[in-house]
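These notes are about the structure you will find just below.
Letters A, B, ... are given to chains in the order of the sequence lines, protein chains preceding strands, and every chain is numbered from 1.
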Amino acid sequence: MTGWEASRGWRPSRPSATHSPPRAGALTAAAPAANFFLPMLDLKFIREHPEQVVRALETRGGAESVQRLLALDADRRRRVTAVEASKALRNKVSEEIAQAKRRGEHPSEEMARMRRLGDEIKALDTAIKGLEGEVESLLLQLPNLPHPSVPVGGEEANQEVRRWGTPRRFAFDPRPHWEVGERLGILDFERAAKLAKSRFSVLWGMGARLERALSQFMLDLHIREHGYREVWVPHLVNAETMVGTGQLPKFEEQLFKTVEPEGGRPLYLIPTAEVPVTCLHGGEILNERELPKRYVAFTPCYRREAGAAGQDTRGMIRQHQFDKVELVKVVTPATSYDELESMLTDAEEVLKRLELPYRVVLLATGDTGFQSAKTYDLDVWLPGQGKYREISSCSNCESFQARRAEIRYRPAAGGKAVFVHTLNGSGLAVGRTLIAILENFQEADGSVTIPQALRPYLDGLERIARAGS
RNA sequence: GGAGGGGUGGCCGAGCGGUUGAAGGCGCCGGUCUUGAAAACCGGAAUCCCGCAAGGGAUCGGGGGUUCAAAUCCCUCCCCCUCCGCCA
């Protein structure tokens with residue numbers, strides 16, 4: 001119990017639910033959801049197809065807890081049946097007592113019996129509540145089930161989908177971005193470490209302007225040409241919000257957390273705008289006519305990078321703080337995979353306009369993030385490193401986050417509310433885009449050419465050179 | 001920080017401790033009327049859990065308590081709002 005289950009704010013007290021319609025041959029069946037608590041996978045589905053779930057989770061982790069989950073659930077249901085029989089009796093007798101009293105009688109024997117029964121009920125309810133808590137916490141730790149089109153296996157099973165652009169041929173040895181940036185006087189890691197610690201950076205002059213120009217360029221592209229609506233959101237959010245998108249309870253060690261005096265509820269710095277933007281509609285029932293919703297948000301992202309010690313220690317690749325333009329979609333289940341493809345295209349367009357070579361990779365089950373059913377990574381070419389590096393990740397989370405955050409819609413035809421599907425993708429990570437520009441557009445003299453598409457955002461400037469930057 | 005007010009169904013909003021799962025309005029779905037639509041009128045619909053089913057249970061911000069019985073009484077926590085003070 002970490003405290004986030006104490007109060008569920010915007011969440012209905014007893015989350016209701018319906019599930020997403022079945023997708024052909026997929027793992028999510030058309031069974032009604034069994035979520036008397038926050039679900040992530042549909043408990044009823046797990047109960048009815050345990051072997052299928054175990055198989056699906058084998059390369060994703062969590063398969064081991066399925067049996068324990070089912071045992072707890074069976075126990076829970078046994079006790080619920082028992083306690084409900086007692087409650088039915090109590091309700092019946094209470095009604096009889098009420099009638100007797102109206103007749104002027106005082107059925108003290110029944111009243112005493114019901115008092116004893118009430119104690120038994122209380123004990124059983126307590127036990128049930130304990131079991132529910134255990135089931136819930138196990139359920140919250142299970143990752144999403146992969147989509148059937150996702151290759152099974154670890155990182156080595158990832159599939160390259162396509163490449164765009166040809167890595168430039170250099171007449172000299174291309175330098176890594178930290179050298180390019182430091183020589184230009186626009187990147188400063190030493191001072192960042194002085195101010196904070198390692199894995200932070202300071203951008204001077206044209207570096208800072210480039211970061212801002214890139215952000216603006218990306219936002220404008222998505223707003224003006226791709227139909228996204230811009231949102232500005234809190235960078236500190238409460239625990240419920242983090243649970244909603246799946247960061248909590250499992251990945252708390254990756255988050256920066258505030259300490260509030262006198263047991264106040266802590267807030268968490270967002271690791272991505274996906275968190276607040278997706279949860280914008282937490283606890284709401286949307287109208288199908290409002291869907292799909294397409295949002296774009298620019299925010300800084302804060303990550304502890306626990307467990308990444310020694311990786312990418314130089315440069316700006318892996319930072320505790322970085323800017324990102326994030327795309328989020330809230331859609332109906334029927335359209336979510338089409339929306340994933342178009343989101344990917346929207347992200348790719350940023351790289352194309354910036355003339356940065358990249359490849360698209362479909363992640364295998366073991367490499368796909370916790371919340372996601374299917375993820376494409378966009379890897380940009382970094383000549384300074386001689387390899388492709390992740391610059392965007394586009395995921396369809398299906399109903400995983402919708403269940404946790406209680407985001408549903410009412411079908412246009414009327415009827416029960418149904419969980420939406422949520423998607424998110426970087427469009428793009430701004431810091432890494434800046435890196436890519438420094439490395440791909442560096443010249444022999446140490447200057448950096450500015451891609452055409454960006455020049456309008458930099459007063460038409462064509463290159464960044466050392467002087468006075 | 002000080003002082004008050006409030007959290008009820010998709011939304012707004014009523015609700016003497018027992019026949020209230022919850023009035024009324026809006027919105028929604030179906031129908032009548034209409035060339036069509038609107039208006040008007042009629043009708044329908046909360047959610048989750050257990051159960052093969054019949055049926056039963058639970059839910060009025062969260063948790064606890066009083067009671068034979070709680071949306072209604074008590075305690076506690078969370079959140080929102082208003083006024084004053086401070087302030088980017």
Side-chain angles (χ1 to χ4, degrees), chain A residues 1-19 31-39 42-44 47-48 72-133 135-136 139 234 237-241 243 260-267 281-291 403 406-420:
Chain A
M1 300 285 135
T2 47
W4 45 262
E5 56 285 76
S7 157
R8 287 179 175 162
W10 37 262
R11 206 161 295 175
S13 54
R14 270 287 117 119
S16 51
T18 337
H19 55 93
N35 42 334
F36 45 83
F37 33 36
L38 291 182
D42 182 341
L43 178 58
K44 195 166 279 181
R47 193 189 294 153
E48 286 163 7
L72 286 167
D73 179 51
D75 190 16
R76 184 198 123 246
R77 283 186 294 151
R78 232 183 338 269
R79 292 178 199 245
V80 165
T81 306
V83 79
E84 286 187 355
S86 297
K87 285 179 178 174
L89 177 64
R90 178 178 64 181
N91 288 346
K92 181 164 156 278
V93 176
S94 287
E95 179 53 33
E96 287 166 9
I97 290 171
Q99 286 174 12
K101 283 201 161 185
R102 273 195 282 272
R103 288 194 302 266
E105 300 167 14
H106 188 75
S108 42
E109 195 178 312
E110 268 72 23
M111 287 165 67
R113 247 176 70 215
M114 287 307 103
R115 189 177 301 128
R116 285 194 300 276
L117 186 61
D119 291 341
E120 291 172 26
I121 288 172
K122 203 165 289 177
L124 262 172
D125 271 342
T126 304
I128 289 168
K129 199 161 271 182
L131 287 167
E132 284 181 358
V135 171
E136 179 180 44
L139 223 33
V237 300
N238 60 33
E240 287 77 14
T241 302
V243 171
E260 301 298 310
E262 292 166 41
R265 295 162 51 66
L267 293 169
H281 297 295
E284 296 181 11
I285 297 182
L286 306 166
N287 195 312
E288 182 170 359
R289 298 177 47 206
E290 307 172 58
L291 303 179
R403 290 169 189 282
E406 281 291 304
I407 311 169
R408 291 170 290 165
Y409 73 95
R410 181 94 51 200
K416 289 177 187 299
V418 176
F419 285 121
V420 299

Phosphate contact (B:C49 OP1 or OP2) by A:Arg76 side-chain N/O below 4.0 Å: no

Distance in angstrom units between A:Glu96 CD and B:A69 P, rounded: 15 Å

Touch class at under 4.0 angstrom, heavy-atom based, for A:Asn91 against every strand present: sugar-phosphate

Interatomic spacing from CG in A:Leu131 to CZ in A:Arg79 - rounded to 0.5 Å: 5.5 Å

Neighbour count above 12 (heavy atom, 6.0 Å) for A:Glu105 CD: yes

Whole-Å distance separating the CG atom of A:Asn287 from the C1' atom of B:G27: 10 Å

Spacing of the C1' atoms in B:G62 and B:G4 (rounded, Å): 23 Å

Gap between atoms CD and P, on A:Glu84 and B:A54 respectively (whole Å): 15 Å

B:G9 pairs with, by Watson-Crick or G-U criteria that keep both distances under 3.5 Å: none

Side-chain donor-acceptor contact under 3.5 Å, A:Asn238 with A:Thr241: yes

Short side-chain N/O contact from A:Arg90 to OP1 or OP2 of B:A70, under 4.0 Å: no

Under 3.5 Å on both distances, the Watson-Crick or G-U partner of B:G43: B:C29

Closest-nucleotide ordering on RNA chain B, the 5'-leading residue of A:Ile97 and A:Thr81: A:Thr81

Salt-bridge criterion met for A:Glu96 and A:Lys92 (N-O under 4.0 Å): yes

Length of the CG-C1' vector between A:Leu72 and B:C49, whole Å: 17 Å

A:Asp73/A:Arg76 ion pair, N-O < 4.0 Å: yes

Between C1' of B:C49 and NZ of A:Lys87, the distance in whole Å: 10 Å

A:Ser94, nearest nucleotide to its side chain (from B:G63, B:C78, B:A69): B:A69

Nucleotide B:C49, atom C1' - distance to NZ of A:Lys44 in whole Å: 8 Å

C1' atoms of B:A69 and B:U20, separation to the nearest Å: 14 Å

Most 5' of A:Leu89 and A:Ala413 on RNA chain B, judged by nearest nucleotide: A:Ala413

C1'-based separation of B:C33 from B:G21 [nearest Å]: 34 Å

Spacing of A:Ile128 atom CD1 and A:Arg77 atom CZ [to the nearest 0.5 Å]: 13.0 Å

Protein-nucleotide distance (A:Lys416, atom NZ; B:C29, atom P), rounded to Å: 18 Å

Whole-Å P distance, B:G25 and B:C79: 36 Å

Nearest-Å distance for atom pair CD/P, residues A:Gln99 and B:C68: 18 Å

B:C86 versus B:C75 - spacing of their P atoms, nearest Å: 34 Å

Close approaches to RNA chain B from residues 111-122 of chain A, in residue order (heavy atom, under 4.0 Å): A:Met111, A:Met114, A:Arg115, A:Lys122

Rounded distance in Å between the P positions of B:A3 and B:U76: 16 Å

Short N-O contact, A:Arg265 and A:Glu240, less than 4.0 angstrom: yes

Inter-nucleotide C1' distance (B:G17, B:G65), Å rounded: 15 Å

Rounded distance in Å between the P positions of B:C81 and B:U8: 14 Å

Phosphate contact (B:G51 OP1 or OP2) by A:Arg77 side-chain N/O below 4.0 Å: yes

A:Lys101 NZ to A:His106 NE2 distance, which is reported to the nearest 0.5 Å: 6.0 Å

Carboxylate-amine/guanidinium contact A:Arg78 A:Asp75, below 4.0 Å: yes

Pair assignment for B:U67, Watson-Crick or G-U wobble, requiring both distances under 3.5 Å: none

